[in-house]
Number of protein chains: 2
Amino acid sequence: MINNIILGDCLDKMRSIEEGSIDLIYLDPPFFTERKHTLKNRERTKEFSFDDTWGSDKSYAQFLKERIELMKPLLKEEGSIFVHCDKSGEHIVRAILDNVFGSDNFQSEIIWSYKRWSNSKKGLLPSHQNIYFYSKSKFFKFNTIYTSYSETTNIDQILQRRTRDEHNKSVYDLDVDGNFKPADKKKGVPLSDVWDIPYLNPKAKERVGYPTQKPLLLLERIIKLVTNEGDIVLDPFCGSGTTCVAAILLGRKYIGIDKSHEAVKLSISRIEKPIKTESNLLKKGRSSYFNVDKTALGLLSGVEFNPVQRNKGIDAILIEQFENGPVLVKVQKDHESIEEAASLLAKAMKTKKSKKSFLIQTRLNSSLFNNVPDFDGMIILESPALQIKRTNKVLHSDNFSGELDR
Amino acid sequence: MINNIILGDCLDKMRSIEEGSIDLIYLDPPFFTERKHTLKNRERTKEFSFDDTWGSDKSYAQFLKERIELMKPLLKEEGSIFVHCDKSGEHIVRAILDNVFGSDNFQSEIIWSYKRWSNSKKGLLPSHQNIYFYSKSKFFKFNTIYTSYSETTNIDQILQRRTRDEHNKSVYDLDVDGNFKPADKKKGVPLSDVWDIPYLNPKAKERVGYPTQKPLLLLERIIKLVTNEGDIVLDPFCGSGTTCVAAILLGRKYIGIDKSHEAVKLSISRIEKPIKTESNLLKKGRSSYFNVDKTALGLLSGVEFNPVQRNKGIDAILIEQFENGPVLVKVQKDHESIEEAASLLAKAMKTKKSKKSFLIQTRLNSSLFNNVPDFDGMIILESPALQIKRTNKVLHSDNFSGELDR
DNA sequence: CGTCTGCTTGAATCGCACC
DNA sequence: GGGTGCGATTCAAGCAGAC
């Protein structure tokens, strides 16, 4: 039984699992989306599918309730259950769990939040799913996870030091540059119930072609939270087997059940050689993608633009187009001469088919005899600081001591 | 009725509101978090018929249901309702809304996520609340709000139009010369259903005995999403009046109801107070979130200056003096005309004995025939954004409506 | 009114060319 | 020849509209 993937309906198969033997049950049942889900693998050789049409909430509730009722006795006293669902069925799931496990044992509603491709739907872009965390008793096992400050979350806000202003009001403590002062070092923030974990990217090698495949990272976090090494994890709707793979990678035992033959085969093959892709985003953190200077964007406040993070020639692209081409904006950097900046921008204009661009000059020309190359469609503007510098130079020309660099 | 805060139970007071007159109802009813244990012991026989699932917690469900039933007729056909709750009552709220408005009119589960200082409790740190968004009909009003692209998005690349090749594979759309065709205007990413808005708690003392005061930013976003100027917003549990204040600030009409005398008094005082106070709060909320506070100083990056914090006339004083007097710098604010800004700066010049100052203009002149007063020693510079706007206006007299919401 | 086919588009990794 | 800049690629618990 243990460390196996079992073919069949969990309603039957769970009866042969020993009572009080399981530490964690994670289930990702059909979501009550009222549609059929199919997906092909990368080579388009196999098709995986499952049916999530029910007709009424009653039949869905019935289906789920009789299975969840079987799960409770399987758990140890200090065990927990995590049920994955989304907005279409959350209230039904919640009602069943309250009924079977008792509302006293409701621990958390976890929000898995992610970024996703968008579409032109009228309304808000759905970008989260819900996971309900119930314990069997109040003696549940729980390993507090502290999030490090270097993670993808917007940590600088937590770390802002606060002070009292003249009215004894709590405000953020700013230094002379208007930057936040960091707060004292803390041991970390206990994990919150909103989890920002990237969605399985279309290009990720981890992807196996099973619909609704969950990121390994999500399952690893759940498993770490409520189990220790050697504990047993049960997934009664194991699908592509992500839960079991995560359990193996973390040194836990597993039992997986699925009624689809294809799913069982896929799970077994994944277990034989577990692939975990290192997500660049997770490894490096969201902030590592920021190339664009905050001051550079500050210069543009008042026009609509999209910042560009990964192209040296451009800092922003205006929302408004010009002659069907993009309007590019670049801010001269401290380390760039105006000639260098202009030629980088000119190159970008060419590749992006841009017919108009703005270069914002931030420093005085280094050489008096330099001619800034005149590129077609490129308009050179001066930053306010530069205008001030230039005006100052003209007004009191006795002071040529140099630039007022900071 | 309109533009008033009404004392009384909304169950009675809503009966005097004209049917089909309201564009948006936002309610933040009591969560009854202390009494959530009364939700248990649901009768097994009735648990999945959602009309009376709340069997054993009749009082809360009954309380909410009879009020929400009164709300539906008040809405216009294109109106919407937003109901705020948290994990303790979400499934009850959801069931009532499904019942009264119909699951077809369920639009979104909005997750309001915020960061919080921890208390070391066993379990995950609760840091979100739920807002359910239902429309009265499928003809609901909806203003899409666009946000920035993810840092990891190759925004410069998605400007290239794509198509499908014969294998249904996505490729760039190239013309006969092998050059890519530019894509249509990119507006940004539609707002998602997870809203990361800081939980600001500026008035803790006044909140005693009330549901938590919501950030103005949250209400502002909801109101913008489903109403236009002049529309009517109803808050039947208005508490401290945040909804009404947000409505006023956005040019909407409001009706607030609360059965607490204290709450009504508080709401009225907030509304009567010079709107500027709340307006500042709104700005503060936004700036601590979006960090645009620093743009004024960012415009100056490259010259040496000291920022000036509490003076309407000046934002900075340059380190370099002019004729033994200080050189003042002011940035035109969103709410200031250039004439106002100039006269504020002129006044400051007088008191500070300044013989030279810079005014950085950030917005186009509102009137074509306005002459900016010519103050002695004041030099008016244009911000880069303004220069871009002006250049674009000359080239194609398009209108930039405002900043990207992010 | 299900079901099937076509149309989109952002996120994020892949991988080549170039210093 | 190894890092890295940036162009290429992939596909979605999608959406809309036809049939």
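So that the names make sense, note that chain A is the first sequence line, chain B the second, and so on, each numbered from 1.
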### Task
Look at all strands and tell whether B:Asn154 reaches a base, only sugar-phosphate, or nothing, counting heavy atoms closer than 4.0 Å.
base
### Query
Whole Å only: how far is the CZ atom of A:Phe48 from the P atom of D:dC11?
14 Å
### Query
Mapping A:Lys203 and A:Arg207 to their closest nucleotides on DNA chain D, which lands nearer the 5' end?
A:Lys203
#### Entry: Any donor-acceptor N/O pair, A:Arg363 side chain to A:Asp334 backbone, under 3.5 Å
yes
#### Entry: Spatial distance of atom CG (A:Leu249) from atom SG (A:Cys244) [nearest 0.5 Å]
11.0 Å
### Query
Within the structure shown, what part of the strands sits under 4.0 Å from A:Asp28 by heavy-atom distance: base, sugar-phosphate, or nothing?
base
### Task
Send over the distance from A:Lys347 NZ to D:dG7 C1', rounded to a whole Å.
12 Å
### Candidates D:dC15, C:dG10, D:dT9 - which lies nearest the side chain of B:Gln157
D:dT9
### Query
Using the P atom in both, what is the distance from D:dG14 to D:dT10, to the nearest Å?
22 Å
### First encountered from the 5' end of DNA chain C, between A:Arg310 and A:Pro202
A:Pro202
### Query
Quick one: B:Tyr172 OH to D:dT10 C1', roughly how many Å, whole number?
11 Å
### Message
Rounded to whole Å, please give me the gap between NZ in A:Lys121 and P in D:dA16.
### Response
8 Å
### Query
Is the distance from OP1 or OP2 of C:dG10 to the nearest side-chain N or O of B:Lys186 less than 4.0 Å?
yes
### Query
If you check the B:Tyr149 side chain, which of C:dT13, C:dG10, D:dG7 turns out closest?
C:dG10
## Note on the structure
Taking for A:Asn201 and for A:Asp86 the nucleotide of DNA chain D with the nearest heavy atom, the one nearer the 5' end belongs to A:Asn201
#### Entry: Flag, side chain of A:Lys122 to backbone of B:Phe140, donor-acceptor distance under 3.5 Å
yes
### Query
Does B:Thr152 have a side-chain nitrogen or oxygen under 4.0 Å from the phosphate oxygens OP1 or OP2 of C:dG10?
no
### Summary
Taking a pair to mean Watson-Crick or G-U wobble geometry with both distances below 3.5 Å, C:dT3 pairs with D:dA18
### Atom pair distance, as rounded to whole Å: OH in A:Tyr114 and C1' in C:dG10
14 Å
### Message
Just N and O in the side chain of A:Lys352: are any of them under 4.0 Å from OP1 or OP2 of D:dG7?
### Response
yes
### Query
For the pair made of CD1 in A:Ile197 and P in C:dA12, what is the distance, rounded to whole Å?
13 Å
### Query
What is the distance, rounded to the nearest whole Å, between atom CD of A:Gln129 and atom P of D:dA12?
14 Å
### Query
How would you label the contact of A:Pro29 with the nucleic acid (heavy atoms, under 4.0 Å): base, sugar-phosphate, or nothing?
base
### Message
Between B:Ser135 and B:Lys138 (side chain of the first, backbone of the second, donor and acceptor by atom type, cut-off under 3.5 Å), is there such a pair?
### Response
no
### Message
Taking donor-acceptor contacts at under 3.5 Å, does the side chain of B:Arg162 reach the base of D:dT10?
### Response
yes
### Query
Do side-chain atoms of A:Ser113 reach the backbone of A:Trp195 as a donor and acceptor pair under 3.5 angstrom?
no
### Task
Consider the side chain of A:Lys312, meaning its heavy atoms from C-beta on, and name the nucleotide among C:dA12, D:dC6, D:dG14 that approaches it most closely.
D:dC6
### Query
Is the side chain of A:Ser354 donor-acceptor paired with the backbone N or O of A:Pro326 at a distance under 3.5 Å, no angle test?
yes
### Query
Given C:dA12, is OP1 or OP2 found less than 4.0 Å from the side-chain N or O atoms of A:Lys115?
no
### Task
Using atom CD1 of B:Ile155 as one end and atom P of C:dA11 as the other, report the distance to the nearest whole Å.
9 Å
